[in-house]
Each structure stands twice: as C-alpha cells, then as structure tokens.
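Working notes, beginning with the structure itself.
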Amino acid sequence: MALVDLLLVVGIIAGVYSLLAIGMNMHWGDTGLLNFAHAAFFAIGAYTSAILTTPPATGSLATRVVGFDLPIVVGIVAATALAGVVGVLIALPSVRLEGDYLAIVTLSAAELIRLMIHNEAWLTTGAQTLKNIPRPLDGAIPFSYDLFYFLLVWAIVGVCYLLFERLSSSPFGRVLHAIRENDDVPLALGKNTYMFKLKSFGIGAAIAGLAGGLWAHYVYAISSIMFLPSITFLIWAAVIVGGAGSYGGAILGASVIVGLRQITRFIPGDVPFGDQLSYIRLMIVGVVLILVLYYRPQGLLGDAERLQAGTSE
C-alpha cells in the first residue's frame with residue numbers, strides 16, 4: 001500500500017509538471033518564444049490561490065494581514081487569470097526581442113517576482129511558510145485523498161491536452177507555427193504577429209498559474225524557496241526530452257523528468273556521494289537530456305520540422 005501511495009504522489013507531481021510543460025510548449029514549441037519566467041507564473045498561481053482561500057494570519061507573530069477565505073474554485077480561477085495577465089504584462093515590452101534578449105528579460109522578471117513574494121510579508125508571509133491552505137473536498141472523500149487528487153490533476157491535464165492540441169491545429173495555431181519558423185512571413189501576409197505573441201505568452205502563463213494553484217492546494221503550505229529558477233529549467237528539459245511542439249511529448253517529458261528525480265530519492269544516504277543527492281539528480285537529468293539530444297534531437301515525440309523552434313533569425 002505504501003508503494004501505491006508513493007506512486008500516486010509522484011503521479012500528482014508529474015501531472016502538475018505536465019501542465020507547466022504544456023504552457024512552456026505553447027511558448028517555445030508552438031511560437032518559438034524563449035521564456036525563462038515559468039517559475040514566476042507558477043508562483044503567482046500558487047500564492048494567488050493560497051491568499052484568496054485562506055484567512056489573514058492571526059497572533060502576535062503574524063505578518064500576513066491579507067486573506068479572503070474564498071472558495072477554492074475562486075482561488076484557482078483567479079490564479080489562472082492573474083498569471084495570464086502578468087504574462088501579458090511581461091510580454092508587452094519584451095516579445096519584440098529576439099532569442100537571448102527575450103530570455104534575459106523574462107529571467108530577470110521571474111527573479112523580480114520571486115523577490116517581491118519573498119519580501120512582501122504583509123501579503124505572502126515573506127520568507128516564512130504560508131500554511132493551512134485548504135484542500136478541495138478534504139474529509140469528504142470516501143477513499144484515498146491522494147487517489148482523488150491524482151484523478152483530479154490528470155483530468156485537468158487531459159482537458160488541457162485536448163484543448164491545446166485543438167488550438168495548435170487551428171488557424172491561430174498555424175499562425176503561431178509560422179511565427180516560430182520566421183515571423184516575417186505571417187507579417188507579410190497581414191498578420192499582427194505582436195498580438196499573436198502576446199496571446200501565446202498569456203495563455204502559456206495562465207496554464208502555469210493553474211498548475212501553481214493545484215500545487216498549493218495539494219501541498220498545504222508553500223514558501224518562496226519552492227519557486228526557484230531551477231523549476232523553469234526542469235520544465236525546459238521536459239519539453240526538450242518530449243519534443244518541442246508536441247503536447248503529448250511535453251506530458252511525457254515532464255513525467256520522465258519527475259520520475260527520474262523521484263527515483264533518486266531511494267538512493268541510500270550512506271552510499272558514496274549520498275550527501276550530494278540534490279546535485280546527482282540534476283546530473284542524471286542532464287545525462288538523459290544529452291542522450292536524447294544526441295540520439296533523437298527532435299525529442300521522444302517531436303518531429304524534425306519543429307526542431308528549429310525558437311531559432312529563426
């Protein structure tokens with residue numbers, strides 16, 4: 001039974017990361033935008049839903065004075081919407097930039113947002129942990145809560161997969177693909193490529209916010225240290241492993257990355273280098289990434305046509 005519970009927890013984490021990967025794939029795989037702010041959108045979603053669904057902190061040591069105690073559905077919807085709005089605001093001055101310049105701006109914006117969360121204790125509890133985040137239907141489920149949350153998260157992943165697959169093959173998606181390859185072509189055909197990039201950035205950020213809301217309501221407590229830039233780079237690795245431009249690949253890549261990171265938790269601490277497990281996990285992810293890039297550059301479920309995503313001049 002313990003193994004089943006463990007697999008459910010890993011599956012829930014994989015589902016949350018799959019949503020993050022779907023959002024990243026919209027940015028990079030479909031549109032060719034180098035976004036390094038995904039961890040910030042994840043954090044915005046988590047803190048938005050947590051603040052809206054918990055009351056203000058009380059007691060002499062309390063620092064957070066804002067809280068609304070609203071229903072969980074309201075918190076998750078607001079988390080999705082606010083992350084999308086912030087994504088558009090970041091994109092407004094930056095999506096005209098190309099390649100590395102866009103990456104630098106989005107990475108800087110992500111770190112700025114994380115530092116704001118860390119320092120604004122009146123709103124987020126700052127460096128302390130924001131606790132007592134409610135869980136949906138907690139206590140009302142007649143079976144394992146982890147099983148319920150696993151089914152909930154993966155149902156949402158399934159719906160998002162179907163929606164984004166449909167969107168990718170729609171006229172809107174075809175314009176995004178043209179922008180990815182060379183945005184001069186759709187521009188010459190009369191398409192407002194700037195607006196299409198803004199929409200892509202906002203939609204992908206919104207899905208990351210949704211993932212953040214689901215994460216916050218599962219883990220019960222969050223802190224700013226959970227949303228370091230390393231999250232963004234893990235999601236990048238997931239999209240690369242799965243295949244840029246493939247939403248099924250994004251889900252597969254996220255599951256592979258999460259699986260690798262969780263398997264290494266079973267390495268005994270008394271083995272050689274056992275005290276360096278956090279670094280070993282990153283090394284294993286790096287080795288897998290190199291192997292995939294060497295033997296199948298387009299990713300596990302990608303195709304050669306989309307291999308050049310984000311590299312147009």
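Just so it is clear, the model here is predicted, and its values are computed rather than measured.
The minimum heavy-atom distance between Y145 and P136, with the atom names listed, is OH-O, 2.8 Å. V258 approaches V10 most closely through the heavy-atom pair CG1-O, 3.9 Å. Nearest heavy-atom pair across I117 and A43 is CD1-CB, 3.8 Å. Here the closest heavy-atom approach between residue V95 and residue K197 is recorded as O-NZ, 3.5 Å. Between G75 and T53, the closest heavy-atom pair is CA-CG2, 4.0 Å.
Contact check for L291 versus R296: no side-chain heavy atoms found under the 4.5 Å cut-off. Using a 4.5 Å heavy-atom threshold, the side chains of V105 and L97 count as touching. Within the 4.5 Å cutoff, the side chain of Q128 has heavy atoms near those of the T63 side chain. Under the 4.5 Å side-chain criterion, counting only non-hydrogen atoms from C-beta, Y194 is in contact with L92. In this structure, Y161 and I251 have side chains that are in contact, with non-hydrogen atoms separated by less than 4.5 Å. Looking at I257 and Y17, their side chains never come closer than 4.5 Å, going by heavy atoms from C-beta outward. The closest side-chain heavy-atom distance from I225 to L228 is below 4.5 Å. Side-chain contact check for I207 versus C160: some heavy-atom pair is nearer than 4.5 Å.
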Derivation of the side-chain contact (heavy atoms from CB on, under 4.5 Å) call for I240 and V292: CA-CA 8 Å; I240 294 171; V292 170; 5.6 Å; no

Worked verdict on L210 versus I76 for side-chain contact (heavy atoms from CB on, under 4.5 Å): CA-CA 6 Å; L210 172 61; I76 291 180; 3.5 Å; yes

Derivation and outcome, side-chain contact (heavy atoms from CB on, under 4.5 Å), residues I113 and V86: CA-CA 10 Å; I113 290 170; V86 173; 4.0 Å; yes

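More than 12 heavy-atom neighbours from other residues, nucleotides or ligands sit within 6.0 angstrom of CG on D69. Within 6.0 Å of atom OH in Y295, 12 or fewer heavy atoms from other residues, nucleotides or ligands are found, so the atom counts as exposed in its surroundings. The number of heavy atoms from other shown groups lying within 6.0 Å of OH (Y101) does not exceed 12.
Ring planes of W236 and W28: tilted class, angle from 30 to 60°. Ring geometry for W154 against F150 counts as tilted: the plane angle lies between 30° and 60°, on a 0 to 90° scale. Using a 30° and 60° split on the angle between ring planes, Y247 and F164 fall in the tilted class, from 30° to 60°.
Side-chain contact check for T54 and R64: at least one donor-acceptor pair (N or O, by modelled atom type) lies under 3.5 Å. One side chain, Y220 or N132, offers a donor N or O that lies under 3.5 Å from an acceptor on the other. Side-chain atoms of H177 and S168 include a donor-acceptor pair closer than 3.5 Å. A side-chain donor from one of H118 and S224 sits under 3.5 Å from a side-chain acceptor of the other. H27 and S200 share no side-chain donor-acceptor pair at under 3.5 Å.
Side-chain heavy atoms closer than 4.5 Å link hydrophobic residues (I, L, V, M, F, W, Y) into clusters, and following such links, even through other members, never connects L187 to F172.
Using a distance-only test at 3.5 Å, with no hydrogens or angles considered, no donor-acceptor pair links the side chain of T31 to the main chain of L33.
The CD1 atom of I90 sits 8.0 Å away from the CG atom of N35 when rounded to the nearest 0.5 Å. For the atom pair CG (L234) and CG (L20), the distance works out to 10.0 Å, reported to the nearest 0.5 Å. One finds the OG atom of S49 at 8.5 Å from the CD1 atom of I222 (value rounded to the nearest 0.5 Å). Atom CE of M24 sits about 13.0 Å away from atom CG of D30, to the nearest 0.5 Å. Taking OG1 of T193 as the reference point, atom CG of D184 lies at 8.5 Å (rounded to 0.5 Å). Within the model, atoms CZ of F201 and CZ of F41 stand 4.5 Å from one another, a figure rounded to the nearest 0.5 Å.
Note that K199 lies in the cation-pi zone of F196, set by a 6.0 Å cut-off to the ring centre and a 45° limit from the axis.
Note on D183 versus K191: no salt bridge recorded, every NZ/NE/NH1/NH2 to OD/OE distance being 4.0 Å or above.
Among residues at least two apart or in separate chains, there is no salt bridge (charged side-chain N to carboxylate O under 4.0 Å, His left out) pair with a member in residues 225-239.
For Y218, the side chain to side chain contact (heavy atoms under 4.5 Å, CB included) test picks out V9, I12, R135, D146, Y149, with sequence neighbours left out.
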